[in-house]
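First up is the structure itself, then whatever we jot down about it.
No experiment lies behind these values; they were computed from the predicted model shown. The first residue in the sequence is number 1, and the count goes up from there.
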Amino acid sequence: MFRSILCSLILVAVTACGSKRDPQIELIQDMMDQPSYKTQDFDESGKGGRSMRLPPDGSVPIGHKPYTIKDSQTAESVLKNPVQVSAESLIRGQKMYYTYCFVCHGSTGRGDGPVAEKTMAKPPSLVNARIKGWKDGGIYHLITSGRGLMGSFASQIPDEKDRWALVNFVRRLQENAE
Ligand code: HEC
């Protein structure tokens, strides 16, 4: 009992005293005090006092391929769906659809998902003749860039293959709607 109280006291003495200007006693000093800034630190030389810096213009994260296509006509003519229709890729596409699209576009793609009745503009059907007539690249472009009231899903579905698998799944919904 006495020992555990003593231990707690020592622990409090070692860890809890001191302000930032009056550093704590550091038993193991391995790189605890560093001149580097922490994420939200103040830095008077930074823009607006921020220690965080924006990445230099034109830099991209490793493994990220910037999407530069601006309109769906171009997307339809230059993009080719690299993902073969297979049980596996359809299951992947279905997972994407139920995670990201179903709430608005509905389980059959007719635009009657659970939040559709609460939105001001109804989500359109994905299984009508017009969208059936789009090339895969057009659907891919819409998912990647968004349009009007529908935002881009590029950051939620960062893997291109997942977006193409989703296109295949939308095609499957269209076949089922016939
Ligand atoms: C928050 C609701 C919402 C979600 C989630 C959503 N959409 Fe949409 N979607 C819309 C709305 C609203 C439009 C009409 C956009 C506009 O033109 O203003 C639309 C348009 C579309 C269109 C074009 C339809 C047309 O008639 O031109 C496609 C294709 C589409 N969405 C596919 C998807 C896919 C695939 C997903 C999942 C990644 C998705 N959407 C997720 C609301 C949503």
My understanding is that only one of P124, P114, P123 makes a side chain to side chain contact (heavy atoms under 4.5 Å, CB included) with C104; could you say which? P123
Aromatic contact between F169 and Y97, with the criterion being ring centroids under 6.0 Å apart: yes or no? yes
Rounded to the nearest 0.5 Å, what separation is found between the CD atom of Q174 and the CD1 atom of I131? 7.5 Å
For the pair W164 and Y140, name the ring-plane relationship: parallel under 30°, tilted 30 to 60°, perpendicular over 60°. parallel
Distance (rounded to the nearest 0.5 Å) between C101 SG and Q94 CD: 11.5 Å
Close side-chain approach of L79 and K135, heavy atoms under 4.5 Å: no
Quick check: does any side chain N or O of S89 sit under 3.5 Å from a backbone N or O of S86, one acting as donor and the other as acceptor? yes
May I ask you to test the V83-E160 pair for a side-chain heavy-atom distance under 4.5 Å? no
Please round to the nearest 0.5 Å and tell me the distance separating atom CG of D159 and atom CE of M96. 8.5 Å
S72 side chain to G138 main-chain N or O, any donor-acceptor pair under 3.5 Å? no
Do the side chains of V85 and R172 get nearer than 4.5 Å, heavy atoms only? yes
Working to the nearest 0.5 angstrom, can you tell me the gap between S51 OG and E44 CD? 12.5 Å
So T119 and L149, do their side chains get closer than 4.5 Å, heavy atoms only? no
